[in-house]
Amino acid sequence: MKLKEEVNTLIKKAFANAGIEAEPITVTDATKPEFGDYQFNGAMALAKQLKQNPRQIAQTILDNLETGGMIQKAEIAGPGFINLWLNPEWIAASCQNAEENERLGIGTRSNPIKAVVDYSGPNMAKQMHVGHLRSTIIGDTLANLLEFLGDDVIRQNHIGDWGTQFGMLIAYLEEMGEEGNGSLKDLEQFYKDAKSRFDADESFANKAREYVVKIQSGDAHCLTLWKKFIDISLGHCEEVYEKLDVNLSRDDVRAESFYNETLAKVVEDLDKAGMLQESDGAQCVFLEGDEVPVIVRKSDGGYLYATTDLAALYYRANVLGAKRISYVVDARQSGHFKQVFRVAKEAGFVPEDVKLEHVAFGTMMDKNGKPFKTRDGGTVKLIDLLDEAVVRAKAAITSKENYSEEELEKIARIVGIGAVKYADLAINRESNYIFDWDKMLSFEGNTSLYMQYAYARIQSIFRKYGKDVEGEIVIGDELEHKLAVMLLRFEDVLNKAAEDAAPNQITTYLYELVTLFMRFYERNPILKEGVDEQTRISRLMLADLTARTIKQGLAILGIQVVDRL
RNA sequence: GCACUCGUAGCUCAGCUGGAUAGAGCACCCGCCUUCUAAGCGGGCGGUCUCAGGUUCGAAUCCUGACGGGUGUACCA
């Protein structure tokens with residue numbers, strides 16, 4: 001339910017009834033329990049405009065407020081705040097409705113759009129490393145989120161499969177023959193071996209250069225080798241996606257090479273639009289106010305990634321028909337995207353009404369605040385990091401319960417991978433973040449384990465209860481009131497998170513929800529003796545709604561839950 | 001040099017479409033298990049929100065400047 005919107009509607013009506021012309025500012029969540037559930041702070045702002053005392057304006061708004069069963073109490077406080085308390089019966093009915101609804105009462109957009117989310121984007125010449133983690137999971141979350149809200153989401157994995165390095169790699173692959181398949185298991189090593197071969201042997205180097213040209217001109221033999229190489233490399237990525245539980249498949253791949261044929265046209269169209277200038281032999285677009293131009297064709301005739309990105313933008317806006325195109329890419333490329341977006345709009349490659357956004361994120365750091373590396377300074381392979389997460393998770397949970405080996409493996413995987421993802425998603429994506437195993441796999445604070453633990457506890461209650469729950473939700477005390485309102489806020493949070501492309505808004509919400517639930521759980525017994533049936537049923541239903549909200553929230557983050565922990 | 005970005009408790013971070021006494025977790029101290037999972041809950045300690053101005057009835061939040069960290073800055077992606 002769009003709770004805030006419903007409250008806002010009442011305020012808007014009050015404005016209309018009172019004959020106040022201004023558009024009211026939106027209500028905000030109450031900052032303190034004693035201020036109710038929502039507060040409206042717009043009276044103060046209007047005071048000057050209307051030349052009236054703010055409290056008087058607040059009173060006028062109150063006099064015209066139709067509470068409609070939704071608001072129980074509205075009070076003026078301080079200089080002119082209006083504090084609003086939701087009616088417990090209305091809350092109960094709304095929760096009841098959510099509980100009986102598959103989607104927890106959350107609607108799908110009335111105006112869904114096509115949304116392209118570009119994320120992950122690994123380089124085929126190398127193994128995926130920790131640097132790819134954030135793009136992959138933030139992008140996946142954004143895609144899941146928009147999809148859940150009803151948009152038509154098109155996932156795009158813009159893999160790097162084109163460029164001079166592939167000449168060297170396929171020449172080496174050819175030389176290795178059958179053996180090559182095996183040595184490709186470690187792409188990092190394969191790349192190094194190929195490179196040293198390239199540096200040591202002039203004839204090999206020449207062949208490598210020749211192969212670059214041959215791939216680009218469509219030579220069948222070289223293309224076969226290249227395809228084989230890409231296929232194996234992509235297989236490595238899929239292994240990572242599988243472990244990470246990310247919704248990316250081969251169908252989502254639109255590689256750099258996919259745009260190869262259209263690059264010349266991009267330059268041509270820019271020329272036609274009169275935006276092209278030659279500078280030092282390169283074809284450039286000079287944007288007003290920018291020091292550096294966007295180079296779309298090198299002096300040697302080659303194209304650059306700005307050209308590919310322009311081609312991709314054209315394809316996404318015009319062929320795919322996207323109205324929102326989100327690039328989940330490292331913050332260091334913000335300058336690049338700012339320029340490319342401008343060029344695309346000015347050249348008319350992308351219609352004015354299409355929203356282009358760079359969903360930028362910071363760098364992953366180690367405990368000392370330095371970029372995250374292995375002990376010898378190399379990059380940390382993503383697959384190794386994920387495997388370690390599972391091993392650590394296993395060690396952390398083994399001591400608690402007697403699981404079967406199979407169960408242990410399954411839970412460790414869900415818990416370990418979930419911890420890695422959650423720790424990343426819980427941070428405001430713009431800032432750099434410190435990677436810390438101990439913190440990540442702790443059960444305390446804002447971690448995935450805390451949510452999963454709460455979920456498991458609720459499942460445990462239902463196992464003990466053993467019957468179907470049917471009845472009515474009744475809001476008993478202040479804690480249940482807070483919990484219920486929090487549950488109803490879920491849709492607002494998802495919508496805001498989608499608008500801002502900010503997964504951490506979801507984690508913050510889940511953490512607050514679970515904290516409230518834990519308090520509720522401590523204080524309001526459910527199955528214990530002395531709880532009357534009506535109260536028990538109501539509390540069970542609130543617990544169930546909480547569990548389902550946790551499950552849904554985590555699912556959007558790409559994290560699973562377990563029934564027992 | 002120029003541009004972007006960040007600076008909140010000892011540490012890791014929320015809060016930033018301006019609102020009432022700035023919030024969590026960790027760490028440290030004190031309480032709570034014979035009944036729903038104590039991987040939990042309650043309480044305490046801890047802040048001139050980097051600094052200086054400005055706008056405003058009201059600023060951690062907006063603007064300007066300084067200082068400090070990070071990043072980018074024409075033929076790599």
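Every chain is numbered from 1 and lettered A, B, ... according to where its sequence line falls, protein lines coming before strand lines. Just so it is clear, the structure is predicted and the values come from calculations on it, not from any experiment.
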**Item:** Separation between the P atoms of U55(B) and C63(B), rounded to whole Å
**Value:** 15 Å
**Request:** Decide, for C13(B), between syn and anti: a glycosidic angle within 90° of 0 counts as syn, anything else as anti.
**Result:** anti
**Presence of donor-acceptor pair under 3.5 Å, side chain of E291(A) and base of A74(B)** = no
**Prompt:** What interatomic distance, in whole Å, is found between P of G47(B) and the corresponding atom of G42(B)?
**Reply:** 23 Å
**Prompt:** Can you tell me how far C1' of U17(B) sits from CD1 of I25(A), to the nearest Å?
**Reply:** 9 Å
**Asked** When the C1' atoms of U56(B) and G23(B) are considered, how many whole Å apart are they?
**Response** 25 Å
**Side chain Y453(A) and base A39(B) donor-acceptor under 3.5 Å** = no
**Request:** State plainly whether the residues K496(A) and D492(A) are in salt-bridge range, i.e. N to O under 4.0 Å.
**Result:** no
**Request:** Rounded off to whole Å, could you give me the CE-to-P distance for the M364(A) and G70(B) pair?
**Result:** 20 Å
**Prompt:** Given the P atoms of A3(B) and G65(B), what is the spacing between them in whole Å?
**Reply:** 9 Å
**Message:** Taking 5.5 Å and 30° as the limits, would you call F81(A) and the base of G19(B) a stacked pair?
**Reply:** no
**Complete:** Taken to the nearest whole Å, CZ/R519(A) to C1'/A24(B) is 13 Å
**Message:** Is it the case that A74(B) (base atoms only) and S279(A) (side chain only) share a donor and an acceptor within less than 3.5 Å, ignoring hydrogens and angles?
**Reply:** yes
**Prompt:** NA contact type, A45(A), heavy-atom cut-off 4.0 Å: base, sugar-phosphate, or nothing?
**Reply:** base
**Asked** Rounded to the nearest Å, what distance is computed from the CZ atom of residue F286(A) to the P atom of nucleotide A74(B)?
**Response** 12 Å
**Request:** Would you state whether a donor and an acceptor, one from the side chain of N83(A) and one from the base of A20(B), lie under 3.5 Å apart?
**Result:** yes
**Message:** Could you check whether any side-chain heavy atom of K73(A) comes within less than 4.5 Å of a side-chain heavy atom of E75(A), counting everything from C-beta outward?
**Reply:** yes
**Message:** Could you tell me if K4(A) sits above the aromatic ring of Y38(A), with its cationic atom closer than 6.0 Å to the ring centre and no more than 45 degrees from the axis?
**Reply:** no
**Message:** Give me the distance, rounded to whole Å, that separates G46(B) from C13(B) when you measure between the C1' atoms they each carry.
**Reply:** 16 Å
**Prompt:** With rounding to whole Å, what would you report as the distance between C75(B) and C67(B) at their C1' atoms?
**Reply:** 37 Å
**Request:** Quickly, which of N83(A), L3(A), V27(A), V485(A) forms a side chain to side chain contact (heavy atoms under 4.5 Å, CB included) with D37(A)? Name it, please.
**Result:** V485(A)
**Request:** Answer yes or no on whether K467(A) is positioned over the face of Y465(A), meaning its NZ or CZ is under 6.0 Å from the six-membered ring centre and within 45° of the axis.
**Result:** yes
**Item:** Sugar-phosphate only, base, or nothing, as touched by N123(A) at under 4.0 Å among non-hydrogen atoms
**Value:** nothing
**Request:** Mind checking D290(A) for me? I need base, sugar-phosphate or nothing, with any heavy atom below 4.0 Å counting as a touch.
**Result:** nothing
**Asked** Please give, in whole Å, the distance from U5(B) P to F337(A) CZ?
**Response** 17 Å
